[in-house]
Amino acid sequence: MMTETERRTLEERFHTIKAQIAAAAQKAGRDPEEILLVAATKMNDAERVQAAISMGLSACGENRVQELLEKYEQNAYEGADLQFIGTLQTNKVKYLIGKVSLIQSVGSIKLAECIAKEAKKREICQDILLEVNIGREAAKSGFLPEDLQTALETLPNLPNIHIRGLMAIPPIATEGQKSSRYFTEMQQLFVDISTKKYDNVSMDYLSMGMTIDFEQAIAYGANIVRVGTGIFGYRPYAQTTSVLGDLK
């Protein structure tokens, strides 16, 4: 159970983040209403998620399928939009379709094909974002920038998916390498694709920026920011047990 102090702290953090988003948007000459705050709810229980929604949170993003399903059964996301923002294995796609409005982390043609197949079974159209490995990091998934063209020519032919934009997780900034370089590259990719006509592709969303850099991301055109620690604080990364057991 949350204590009253924990609830007040959560509310203060949430409204601080909202104010910082508004200030960053205004500084960039943008309407704050253009920016969607997706709270990264990983490792936060249903009570905390529901508390944030009661305070005005409109969108939740989960990183892990098993955790999403557990909290979904607990009605954790009731009253808010639910999106998937983490690395997704093809064998777990079937658990998400019909539950999430947007899958942000589609970083391969194989994964997109699997999503389209499962969406067709359920007779729905699944919105997705194409994840771009903008830092070319071996440990991260996503399309390399030079591979986006092929993806945009191939994926629109798949039934039951709709490409709504791009997503990226740039490398952690260091003294000599600032995130602005990657945000600039993502903004340019987004603009370039927006000027072209692809069937079944709508460049509606540019998702980039987290707790440490969302204000900078907004300055470079992001209209979805994914904030976890800034809202919920540092989370206890303990092992969680799902009522559904291990997913296969």
Side-chain angles (χ1 to χ4, degrees), residues 1-64 67-68 71-72 74-86 100-105 127 129 164-170 172-173 178-180 182-183 186-187 190 203-236:
M1 292 284 291
M2 290 181 70
T3 66
E4 188 56 39
T5 298
E6 288 173 329
R7 188 174 292 273
R8 282 200 302 270
T9 299
L10 174 59
E11 186 167 19
E12 288 169 4
R13 286 192 182 118
F14 174 70
H15 289 300
T16 296
I17 291 294
K18 291 287 286 183
Q20 289 173 334
I21 288 172
Q26 290 166 350
K27 184 177 180 180
R30 302 174 61 193
D31 181 353
E33 294 300 314
E34 293 177 7
I35 317 299
L36 173 64
L37 168 62
V38 175
T41 49
K42 179 175 69 175
M43 305 304 290
N44 286 283
D45 60 22
E47 182 184 15
R48 282 171 172 74
V49 176
Q50 267 297 296
I53 291 170
S54 73
M55 295 164 190
L57 176 67
S58 63
C60 300
E62 279 292 352
N63 290 71
R64 300 171 181 172
E67 184 178 349
L68 181 151
K71 292 192 301 205
Y72 192 91
Q74 298 167 353
N75 297 317
Y77 314 108
E78 189 172 346
D81 182 43
L82 177 59
Q83 304 181 12
F84 191 77
I85 60 177
V100 299
S101 67
L102 181 67
I103 299 175
Q104 293 201 24
S105 47
D127 286 344
L129 302 185
R164 299 292 302 276
L166 306 177
M167 182 269 249
I169 306 173
I172 296 173
K178 295 190 175 181
S179 295
S180 58
Y182 301 109
F183 290 148
M186 283 301 301
Q187 183 182 38
F190 184 79
M203 283 292 110
D204 299 318
Y205 300 119
L206 178 56
S207 175
M208 58 185 190
M210 298 184 286
T211 296
I212 59 172
D213 56 11
F214 69 86
E215 291 164 300
Q216 190 178 27
I218 289 170
Y220 287 91
N223 56 12
I224 295 180
V225 294
R226 312 176 304 272
V227 179
T229 302
I231 296 172
F232 296 104
Y234 287 100
R235 288 152 284 182

Closest heavy-atom contact between [X] and [Y]?
X: Leu57; Y: Ala80; value: O-CB, 4.1 Å
X: Tyr220; Y: Leu206; value: O-CD2, 4.1 Å
X: Ala76; Y: Val49; value: O-CG1, 3.3 Å
X: Phe183; Y: Pro170; value: CE2-CG, 3.6 Å
X: Thr211; Y: Gly228; value: OG1-N, 3.5 Å

Margin query: Hydrogens and angles aside, do Gln104 and Tyr205 bring a side-chain donor and acceptor to less than 3.5 Å of each other?
Written below: no

Checklist line | Any donor-acceptor N or O pair under 3.5 Å, side chains Glu78, Gln50 | finding: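 On atom types as modelled, these side chains do not qualify, holding no pair under 3.5 Å.
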
Item checked: Gln216 side, atom CD; Met208 side, atom CE - distance, nearest 0.5 Å ->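 So the gap between those two atoms works out to 9.0 Å.
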
Next item on the list: First locate atom CE of Met1, then atom CZ of Arg7, and finally report the distance between them rounded to the nearest 0.5 Å.
Entry: 8.0 Å

Check: Does a sphere of radius 6.0 Å around CD in Glu33 hold more than 12 heavy atoms from other residues, nucleotides or ligands, not counting ones at 6.0 Å or beyond?
Finding: no

Checklist line | Worked verdict on Leu37 versus Arg226 for side-chain contact (heavy atoms from CB on, under 4.5 Å) | finding: CA-CA 6 Å; Leu37 168 62; Arg226 312 176 304 272; over 6 Å; no

Next item on the list: For the pair Ser58 and Leu36, evaluate side-chain contact (heavy atoms from CB on, under 4.5 Å) and give the outcome as yes or no after the intermediate values.
Entry: CA-CA 8 Å; Ser58 63; Leu36 173 64; 3.9 Å; yes

Next item on the list: Please check if the side chain of Lys71 supplies one atom and the backbone of Asn44 the other of a donor-acceptor pair under 3.5 Å.
Entry: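 Looks like yes, one N/O pair under 3.5 Å.
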
Notebook entry, point to check: Can you list the steps and then say if Cys60 with Ile53 is a side-chain contact (heavy atoms from CB on, under 4.5 Å)?
Noted result: CA-CA 9 Å; Cys60 300; Ile53 291 170; 4.1 Å; yes

